[in-house]
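Here's the structure, in structure tokens; my notes come after.
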Amino acid sequence: MVKFSKELEAQLIPEWKDAFVNYWQLKKHIKKIKLSKMQQKQHHHHRDFNHNNGVFGLSICDPVRFLASKFSRDNEAENIIQVKRKVMEEGDDHEVYETELAQLFSEEDEVRAFFERLDRELNKVNQFYRTKESEFLERGEILNKQLQILLELKQILIDRRRKPSGGIIPRSWTPCPRNSDISATETDDVIAALERNGVSFINAASSWAKTKKGKPKVAMRIDIPAETPARTISAVTSMLWEDLVNNPKKESGTGNFINRKKIQCAEKMIRGAFVELYRGLGLLKTYSSLNMVAFAKILKKFDKVSNQKASASYLQVVKRSHFISSDKVVRLMDEVESIFTKHFANNDRKKAMKFLRPQQQKESHMVTFFVGLFTGCFVSLFCVYAILAHLSGIFSANTEAAYMETVYPVFSVFALLCLHLFMYGCNLFMWKSTRINYNFIFEFSPNTALKYRDAFLLCTTFMTAVVAAMVVHLLLRASGFSPSKIDAIPGILLLISICLLICPFDIFYRPTRYCFLRIIRNIICSPFYKVLMVDFFMADQLTSQIPLLRHLESTACYFLAGSFKTHHYDTCKNGRLYRELAYVISFLPYYWRAMQCARRWFDEYDTNHLANMGKYVSAMVAAGARLTYTRQSNYLWFGIVLVTSVVATIYQLYWDFVKDWGFLNPNSRNPWLRDDLILRNKSIYYISIALNVVLRIAWVETVMRFHVTTVQWRMLDFFMASLEVIRRGHWNFYRLENEHLSNVGKFRAVKAVPLPFREMDSD
């Protein structure tokens, strides 16, 4: 049977953990009462022994005394404690509970401390529940108002489309002077619809204010977030238009432009807001029920230890408290269900519940089985490959160049990718074990998000396929097949992988594949897409996979130039275009990340994003200097590489520790770490800091001239790339731990969805 403390820890909401009943602290108070009671028993036993001079015996009146004492305890059970409810000065809604002991206990100090702590926990739970309840109720009212505005606008659009051709509503309408193809009657209808829902208008007293062309100036706008390139470009051009052409103080046209597409986007935003509201209400309901069970369990333990029956009277008080007696959350949940079913699911309740209560897929044991199977296959095939490579002598001086140019780049791509998948699987396992809500942070759907077993399955499947292809390549090579034919095997494997990635059929984790492609699209098109947490997190992963991108460049050149047939490698090694593309590929991940920082600064006006952008610019300069030094080995470029790399490394280390991980706080209660830590062993954090420093300065290898063979140089290059991937996987855990603790500190368990309709400030 699972202890309730473990069950509570597994079910509580991570972001609200500090607001729950501190069940573990209350258990410590119970243990103190138990120890005190044991000491009292030993003291009384010793005193009775001395009083009777060591003579033991029973009286025929003892059963009568026992029944009388039990009967008296049952009658006085209700009067053991008295819980008083006090109303604070702020108003009738703010209440505080205080418990007074109506009966003396043998361990009175410990019992008093227990009930004082219990009162504090009850008051804390009540206050938090009341605060969150008022927030959700206010949010519900705002959403109802937004929905009414949306319904009114949709109805007007429908009515205009039903009219004859002479009265059909245009493609879009706006009250600003730049669009004059709408009649005053249509604008009046929209204004009347908005006014019925409490939207005010600029200078609207008895009549509506007019512009120079006689149009009303509406004091509301539809704010659609600029999440796509088209919306971003539109927002920037509109802003420039207002700054350069129009006087925004006189005639504000930005944001007043309303069309069907904006209405559809507004509907999607409101629907998402209702889903998040329902999710938040469900979390608050879970919060209430778990705390009620915690109070019942801890009071039951108190009764058992103290041999009293105080739980009944205190539980009655708990049941009458606000977090249990209030039914506003349940009624609002029912209202949201009915609204969502009616307006967003065409009165189909089953369809509505799929949005409001998505069912998580159960983990299958088959995944675990295949992970073990493919791991065994990978180890076996790798041993076979090592034996065949030794017997065929592919690493000899005569054949090593051809083999390294044809096979190494493609297989290195898959090896680095699988290593990154393995590290991500380890991250998922650690995040789940430490109750870090990564699905909420990344805004993943819980029923389609990748789990750690799935990540390990992808990793082992790919590695088994890659090593199998390497074995087949060696066997065909040893059998005397034409090199121009068998050297196409790596390219075929890469082509199959790309086709599988973009496959439209619902096989092989399609939601995850399409999510990955969407994130890569957002990164490539930076800064035109709105930057989410998952976007810049993935962009950071790409900055650690520059060797993988370089290998992809070599592979593409090798196959597109037809070098796998002729085995002439000068085109891809010494070509001018290839050499220039090497700079571009080395810069691109840092450039994308810098553009994301610029976009975040544009959206949030936080100068920290500009400072973060400077970090990636310095890394870009250092990467370019190191690449040039490999081609022009002189003292000048050695000095440039040394200076730029040291500056970039110090910049990156500072940002890693202070900004991304939240460490190096001299005033923290955990020396040079942060106040809140998830891992109990603090030494792990200090070891991680040292490890990150060591792996950050691995670039020193690039400026040191080791005299090695081609195979050794390739292996060293792969080893250094693997170390960077491992460092990134190590960095990922602490980055998300810091983000999770930030959400916990703000009790942020529900995503804040922006709303489309808002009023504008009138002059």
Side-chain angles (χ1 to χ4, degrees), residues 363-364 366-379 381-382 409-433 436 438-439 441-442 444 448-470 490 493-503 507-520 523 534-552 555 589 695 718-736:
E363 296 185 3
S364 174
M366 291 298 294
V367 176
T368 307
F369 169 76
F370 280 113
V371 168
L373 176 64
F374 286 128
T375 301
C377 293
F378 162 68
V379 173
L381 287 171
F382 187 80
V410 180
F411 291 149
S412 294
V413 167
F414 286 105
L416 291 174
L417 182 61
C418 291
L419 178 61
H420 215 134
L421 269 173
F422 175 77
M423 295 303 299
Y424 182 63
C426 294
N427 290 147
L428 293 177
F429 175 77
M430 288 298 300
W431 291 333
K432 182 179 180 181
S433 301
I436 294 176
Y438 61 92
N439 283 333
I441 295 174
F442 289 142
F444 288 159
T448 59
L450 203 67
K451 300 175 179 62
Y452 73 91
R453 289 188 180 90
D454 300 319
F456 289 146
L457 178 60
L458 288 172
C459 171
T460 54
T461 303
F462 268 115
M463 283 310 300
T464 301
V466 170
V467 178
M470 294 170 68
L493 181 63
L494 183 62
L495 186 62
I496 292 174
S497 302
I498 295 175
C499 293
L500 188 61
L501 179 64
I502 62 177
C503 176
I507 56 172
F508 206 67
Y509 301 103
R510 185 179 69 172
T512 300
R513 290 188 284 110
Y514 277 26
C515 178
F516 173 76
L517 292 174
R518 184 169 60 252
I519 294 170
I520 294 298
I523 293 172
V534 67
D535 295 332
F536 67 78
F537 188 84
M538 179 61 74
D540 279 327
Q541 311 305 306
L542 290 180
T543 60
S544 296
Q545 285 287 17
I546 292 177
L548 182 147
L549 299 177
R550 292 290 310 277
H551 291 321
L552 280 178
T555 303
L695 294 180
F718 178 78
F719 177 72
M720 300 306 297
S722 301
L723 285 181
E724 174 58 22
V725 173
I726 293 171
R727 188 202 67 81
R728 180 59 63 182
H730 167 256
W731 176 92
N732 289 343
F733 174 78
Y734 297 104
R735 176 66 183 89
L736 226 65

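Residues Cys515 and Phe444 form a side-chain contact, since some pair of their non-hydrogen atoms from C-beta on lies under 4.5 Å apart. Put simply, the side chain of Asp540 reaches to within 4.5 Å of the side chain of Trp731, judged on heavy atoms. A 4.5 Å side-chain heavy-atom check between Pro589 and Ile546 finds at least one atom pair inside the cut-off. Considering only heavy atoms from C-beta on, Lys451 stays 4.5 Å or farther from Leu428 through its side chain.
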Can you list, pair by pair, the side-chain donor-acceptor contacts under 3.5 Å of residues 411-423, counting residues two or more places apart and other chains?
unit_1, atom_1, unit_2, atom_2, d
Ser412, OG, Tyr408, O, 2.7
His420, ND1, Gln545, NE2, 2.8
His420, NE2, Gln541, OE1, 2.9

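Scanning both residues, Arg728 and Ser544, for their nearest heavy atoms gives NE-OG, 2.8 Å. Heavy-atom minimum distance, Gly729 versus Asn427: O-ND2, 2.9 Å. Between Cys503 and Arg513, the shortest heavy-atom contact is O-NH1, 2.9 Å. The heavy-atom pair separating Gly425 from Ala455 by the smallest distance is CA-CB, 3.7 Å.
Atom CE in Met470 sits 10.5 Å away from atom CG in Leu493 (nearest 0.5 Å). In this structure, CG on Leu373 lies 12.5 Å from OG1 on Thr368, to the nearest 0.5 angstrom.
Among Thr464, Leu457, Leu458, the one residue that satisfies the side-chain contact (heavy atoms from CB on, under 4.5 Å) test with Thr461 is Leu457.
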Checklist entry - Does the side-chain contact (heavy atoms from CB on, under 4.5 Å) test come out yes or no for Cys426 and Phe456, once each step is laid out? => result CA-CA 8 Å; Cys426 294; Phe456 289 146; 4.2 Å; yes
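Judged as a ring pair (Phe, Tyr, Trp, His ring centres under 6.0 Å), and not counting sequence neighbours, Phe462 has no contacts. Contacts of Tyr514 classified as ring pair (Phe, Tyr, Trp, His ring centres under 6.0 Å), with partners at least two apart in sequence or in another chain: none. Residues passing the ring pair (Phe, Tyr, Trp, His ring centres under 6.0 Å) test with Phe537 are Phe442, sequence neighbours excluded. In this view, Phe369 satisfies the ring pair (Phe, Tyr, Trp, His ring centres under 6.0 Å) rule with no residue, not counting sequence neighbours.
Aromatic ring orientation, Tyr424 versus Trp431: perpendicular (interplanar angle above 60°, classes split at 30° and 60°). Between Phe382 and Phe378, the ring planes are tilted. Angles from 30° to 60° get that label.
The 12-atom threshold is not exceeded at CZ of Phe719, counting heavy atoms of other residues, nucleotides or ligands nearer than 6.0 Å.
Pairs engaging residues 366-376 under the salt bridge (Lys or Arg N to Asp or Glu O under 4.0 Å) rule: none recorded [sequence neighbours left out].
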